[in-house]
Amino acid sequence: QIELVESGGGLVQTGGSLRLSCAASGRTLRGYAMGWFRQAPGKEREVVAAITWSARRTYYADSVKGRFTISRDNAKNTVYLQMNSLKPEDTAVYYCAAAPSVVIPQEYDYWGQGTQVTVSS
């Protein structure tokens, strides 16, 4: 069992930056791909970014390419999402997720509780 805890959310103005962290406990993330998702009010959850265990492969949604960067520190069992040039449409609850996969997965097995990101215009 893996427990994921997100942190780093908050209120920021348009154009600002935030860095989200996702700390895992319960077992090592070795062999696990990690993803960041978000869900805005009234909208479906969508994938934002994902990264393989080796960090050799990453995925970004078109809406965040060039603005967000996913990274991981396997020694710390932590995954990060650096968010720059934030826009009001980035406002959502952000979740991290884990899946035992060597490639970017379609499904994830473990989810965090989420952290709120609000971008004011």
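For the single chain, residues carry numbers from 1 onward in sequence order. Note that this is a predicted model, so its numbers are computed, not measured.
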d(L81 CG, E6 CD) to nearest 0.5 Å is 11.0 Å
Is there a side-chain contact between R45 and W111 (heavy atoms, below 4.5 Å)? yes
Closest non-hydrogen atoms of A33 and V103, given as atom of the first, atom of the second and distance, are CB-O, 3.7 Å
Quick one, S71 with V79, criterion side-chain contact (heavy atoms from CB on, under 4.5 Å). Give me CA distance, side-chain angles, the key distance, then yes/no.
CA-CA 6 Å; S71 62; V79 178; over 6 Å; no
side-chain hydrogen bond (donor to acceptor under 3.5 Å, both in side chains) filter on N77, not counting sequence neighbours, yields none
**Prompt:** Given side chains that start at C-beta, do those of I2 and Y32 come closer than 4.5 Å, heavy atoms only?
**Reply:** yes
Contacts of V93 meeting side-chain contact (heavy atoms from CB on, under 4.5 Å) (sequence neighbours excluded), chain-then-number -> Y95, Q116
With sequence neighbours left out, the residues meeting side-chain contact (heavy atoms from CB on, under 4.5 Å) with V5 are E3, Q113
Q) Would you say the side-chain atoms of T78 pair up with the backbone N or O of D73, donor to acceptor, closer than 3.5 Å? A) no
**Prompt:** Can R72 be said to sit on top of Y80's aromatic six-ring, NZ or CZ under 6.0 Å from centre and within 45° of the ring axis?
**Reply:** no
Min side-chain heavy-atom separation Q39-E46 under 4.5 Å:
no
In this structure, CG of L86 is separated from OG1 of T91 (nearest 0.5 Å) by 8.5 Å
key: Side chains of V117 and L18 in contact at under 4.5 Å (non-hydrogen atoms)   = yes
Checklist entry - Is it true that a side-chain atom of T115 and a backbone atom of G9 form a donor plus acceptor pair closer than 3.5 Å? => result yes
Across all chains, not counting sequence neighbours, the side-chain hydrogen bond (donor to acceptor under 3.5 Å, both in side chains) partners of N84 are S17, Q82
Verify same cluster id: Y59, W53 (apolar side-chain graph, 4.5 Å)
no
Here the gap from S121 atom OG to Q13 atom CD, rounded to the nearest 0.5 Å, amounts to 9.5 Å
Report task. Output yes when a side-chain donor or acceptor of S101 lies under 3.5 Å from a complementary backbone atom of A99, and no otherwise. Result -> no
For R67, the side-chain hydrogen bond (donor to acceptor under 3.5 Å, both in side chains) test, sequence neighbours excluded, returns D90
Kindly check if the number of other-residue, nucleotide or ligand heavy atoms within 6.0 Å of CZ (R57) is above 12?
-> no
Value for CG (L4) from OG (S21), rounded to nearest 0.5 Å, stands at 12.5 Å
Separation between OG1 (T69) and OH (Y60), nearest 0.5 Å, reads 4.5 Å
Query raised in the report: Are V48 and I104 joined in one hydrophobic group, where the rule is that I, L, V, M, F, W and Y side chains link up if heavy atoms are under 4.5 Å apart?
Result: no
| query | Taking C-beta and beyond as the side chain, do W36 and I51 meet within less than 4.5 Å on heavy atoms? | reply | no
Taken to the nearest 0.5 Å, the spacing of S63 OG from K65 NZ works out to 9.5 Å
Contacts of Y108 meeting ring pair (Phe, Tyr, Trp, His ring centres under 6.0 Å) (sequence neighbours excluded), chain-then-number -> F37
Using side-chain heavy atoms (C-beta onward) and a distance below 4.5 Å, is N74 in contact with R30?
no
* To do: Could you walk me through whether V64 and R38 pass side-chain contact (heavy atoms from CB on, under 4.5 Å), step by step?
  => CA-CA 12 Å; V64 306; R38 66 186 181 187; 4.0 Å; yes
